[in-house]
Participant: 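Dropping the structure in here first, questions after.
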Number of protein chains: 2
Amino acid sequence: MEPKVATQDVRSHILETAQVIISGKGFSAVGLNQILQAAGVPKGSFYHYFGSKEAFGEELLKSYFADYHETLDAMLSRPGLNGAERLISYWQTWLETQSACDPKGKCLTVKLAAEVSDLSETMRAVLARETSRVVARLEQAVAEGIEDGSLPATLNAKVTASTLYQLWLGASLRSKIIRDPEPMKCALTATKEILGL
Amino acid sequence: MEPKVATQDVRSHILETAQVIISGKGFSAVGLNQILQAAGVPKGSFYHYFGSKEAFGEELLKSYFADYHETLDAMLSRPGLNGAERLISYWQTWLETQSACDPKGKCLTVKLAAEVSDLSETMRAVLARETSRVVARLEQAVAEGIEDGSLPATLNAKVTASTLYQLWLGASLRSKIIRDPEPMKCALTATKEILGL
DNA sequence: CACACTGTAGACGACTGGTCTAATCGTGTT
DNA sequence: AACACGATTAGACCAGTCGTCTACAGTGTG
């Protein structure tokens, strides 16, 4: 017998299970059945926790980004490093997690952005809002790097953050296509170049 | 009554119709019925021309890239411009076509890469091969720019081409998410920067 | 005319999709 | 012990999926 879990945990358990599956197969291509079967939750329960598949997708993204922001902020606040080093450590981590096979760490933005943006307005809105927050946090980090002198003062923090985020989004996409981390390595080189390092 | 069309045209007609629909809704989310109804072609014909939905997807990508390579090559061969100008004109065009509403011009790579890469090995292979050809053509263009002196000789053609392609892939993705061409404008600025213009 | 062949036509099968209603379960109160 | 009531679930539901299959139209050839 499975250990009994509190009600809120069922919800999170569905979300966690789904994240792994969906980050692999996408949103439309995955049925509720598959997710619920994997989670060991009966189909009837789904609509007790979520209003619809779309609402569920929204929650999935929200919970994913909640984690993401936390990790991101931790990395960009790490003491003992200057601004430039903190930024590079972030992208170094990106490279590593996205190269690894572990589906748990795969980026949902890369996987779902194109598919979901034309499919669900609410899900797109979550992606828009949350990725903007990521870029804003990166912008802050760039500004800090300029402040502490580890980055050239000639940089425009906003544009630089945007550019780098886009570069890495695209690099991840291309790595996905060719099944090789080389594009992300290339992106890391370019990142250092752009940051004047 | 519809005008009678030659047999080969039915095949292309299906492909053209599908491209518009799929570049909007994605691959998994679109059913054969929808495509065939829009094209005015019965289901029986579909399986006469294509072995399966997946095989069809492969052909769709191939035909898309056939056009793409042609346009790309035309743009990067245009006489009267130096290497740098030809490159910029390509990205200027990218910005315009992807900002426009016309679904006919939407980039299938941006739309399908993430979805398809984990869904169909054969479709992924087409994407891998064809995007590599695009990058190779860009690399050649960068090399020409260095040759004719319109680009700095310090550039590494291969890395630069890769980086720029990835940057634009990501910029398009982010523009899709936030429904605003601003990321691509930012990419254009960054492109000029990277090219030393 | 008879035949073969290419392509059209769409009904059909087996199955899966998301959704919802109606019943069951669990727990706390009387 | 009996009840009530919300939390949870089983399973029906139908629309839609891809793919198959048979029937047939049109054309060119012998």
Side-chain angles (χ1 to χ4, degrees), chain A residues 1-19 21-22 24-61 112 115-116 118-124 126, chain B residues 1-19 21-22 24-61 63 112 115-116 118-124:
Chain A
M1 251 318 184
E2 298 287 325
K4 199 67 190 168
V5 288
T7 166
Q8 191 52 27
D9 287 341
V10 174
R11 212 186 108 101
S12 331
H13 179 56
I14 297 175
L15 286 170
E16 279 167 33
T17 311
Q19 186 185 319
I21 300 176
I22 285 182
K25 299 202 183 191
F27 188 73
S28 300
V30 170
L32 263 14
N33 278 327
Q34 189 179 349
I35 294 169
L36 295 169
Q37 207 166 319
V41 172
K43 193 173 188 180
S45 296
F46 181 82
Y47 283 86
H48 175 69
Y49 296 104
F50 304 99
S52 66
K53 194 190 181 188
E54 185 182 3
F56 167 71
E58 222 183 305
E59 296 303 311
L60 180 71
L61 288 173
L112 296 184
E115 178 185 0
V116 149
D118 304 304
L119 191 71
S120 155
E121 179 55 26
T122 57
M123 289 177 75
R124 185 195 67 76
V126 175
Chain B
M1 251 320 184
E2 298 288 327
K4 201 66 190 169
V5 289
T7 168
Q8 190 52 28
D9 288 341
V10 172
R11 209 185 113 102
S12 331
H13 179 55
I14 297 174
L15 287 169
E16 280 167 31
T17 310
Q19 185 185 318
I21 299 176
I22 285 181
K25 299 203 183 189
F27 188 73
S28 300
V30 171
L32 261 16
N33 279 328
Q34 189 180 347
I35 295 169
L36 296 171
Q37 207 165 319
V41 171
K43 196 169 239 173
S45 294
F46 179 84
Y47 283 91
H48 175 71
Y49 293 106
F50 305 100
S52 65
K53 192 190 181 187
E54 187 182 1
F56 167 70
E58 223 183 304
E59 295 303 311
L60 180 70
L61 288 174
S63 91
L112 297 184
E115 180 186 359
V116 149
D118 305 304
L119 190 72
S120 156
E121 180 54 25
T122 55
M123 289 177 75
R124 185 195 67 77

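Chain naming here is simple, since letters A, B, ... match the order of the sequence lines and numbering starts at 1 in each. No experiment lies behind these values; they were computed from the predicted model shown.
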Participant: Rounded to the nearest angstrom, tell me the gap between atom CG in A/Leu36 and atom P in C/dG18.
Facilitator: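 Nearest whole value for this atom pair: 9 Å.
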Participant: Please check if atom CD in A/Gln37 has more than 12 non-hydrogen atoms from other residues, nucleotides or ligands closer than 6.0 Å.
Facilitator: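 Count not over threshold, so no.
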Participant: Contact list please: residues 37-45 of chain A against DNA chain D, heavy atoms, distance less than 4.0 Å, in numerical order.
Facilitator: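 Hits under 4.0 Å, by residue number: A/Pro42, A/Gly44, A/Ser45.
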Participant: On the nucleotide D/dT17, are OP1 or OP2 found under 4.0 Å from the side-chain N or O atoms that B/Asn33 carries?
Facilitator: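 For D/dT17, OP1 or OP2 has a side-chain N or O of B/Asn33 closer than 4.0 Å.
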Participant: Rounded to whole angstroms, how far apart are CZ on A/Arg11 and P on D/dT8?
Facilitator: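 Rounded to whole Å, this separation is 12 Å.
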Participant: Over all heavy atoms of both residues, which pair between B/Ile35 and B/Thr17 is shortest? Give the atoms and the distance, please.
Facilitator: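 For B/Ile35 and B/Thr17, the tightest heavy-atom pair comes out as O-CG2, 4.1 Å.
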Participant: How many whole angstroms separate atom CD1 of B/Ile35 from atom P of D/dG19?
Facilitator: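 In whole Å, D/dG19 P and B/Ile35 CD1 are 12 Å from each other.
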Participant: Which value, rounded to the nearest 0.5 Å, describes the distance between A/Leu61 atom CG and A/Gln19 atom CD?
Facilitator: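 The distance works out to 9.5 Å.
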Participant: Round to a whole Å and report the spacing from CZ of B/Phe46 to P of C/dT8.
Facilitator: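 To the nearest whole Å, that distance equals 13 Å.
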Participant: Quick one: is A/Tyr47 getting a side-chain N or O under 4.0 Å of the C/dC20 phosphate, OP1 or OP2?
Facilitator: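 Looking at the OP1 and OP2 atoms of C/dC20, neither is under 4.0 Å from any side-chain N or O of A/Tyr47.
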Participant: Specify the separation, in whole Å, of atom CG of B/Leu32 and atom P of D/dG16.
Facilitator: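 Rounded to the whole Å, the gap is 15 Å.
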Participant: Given side chains that start at C-beta, do those of A/Leu119 and A/Ser28 come closer than 4.5 Å, heavy atoms only?
Facilitator: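 Touching, per the 4.5 Å side-chain cut-off.
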Participant: Show me, pair by pair, the donor-acceptor contacts under 3.5 angstrom made by side chains of residues 53-60 of chain B, not counting sequence neighbours?
Facilitator:
residue, atom, partner, partner atom, Å
B/Lys53, NZ, B/Phe27, O, 2.9
B/Lys53, NZ, B/Val30, O, 2.8
B/Glu54, OE2, B/Ser120, OG, 2.6
B/Glu54, OE2, B/Thr122, OG1, 3.0
B/Glu58, OE1, B/Thr122, OG1, 3.4
B/Glu59, OE1, B/Arg11, NH2, 3.1

Participant: Distance check, rounded to the nearest 0.5 Å: A/Lys43 atom NZ versus A/Leu36 atom CG?
Facilitator: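 Going from the NZ atom of A/Lys43 to the CG atom of A/Leu36 covers 8.0 Å.
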Participant: What is the separation between atom NZ on B/Lys53 and atom C1' on C/dT16, rounded to the nearest whole Å?
Facilitator: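 Going from NZ in B/Lys53 over to C1' in C/dT16 covers 13 Å.
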Participant: Nearest whole Å is fine: how far is D/dG6 P from A/Tyr49 OH?
Facilitator: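 Interatomic distance, OH of A/Tyr49 to P of D/dG6: 17 Å.
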Participant: Roughly how many Å is it from CZ in B/Phe50 to P in D/dT20, rounded to a whole number?
Facilitator: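 The answer, rounded to whole Å, is 15 Å.
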Participant: Hey, does B/Leu15 have a side-chain heavy atom less than 4.5 Å from the side chain of B/Tyr49?
Facilitator: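 The answer is no, as the side chains (C-beta and beyond) never meet within the 4.5 Å cut-off.
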Participant: Looking at the side chain of A/His48, which of C/dT8, D/dC18, D/dT8 is the nearest nucleotide?
Facilitator: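 Comparing C/dT8, D/dC18, D/dT8 against the side chain of A/His48, the answer is D/dT8.
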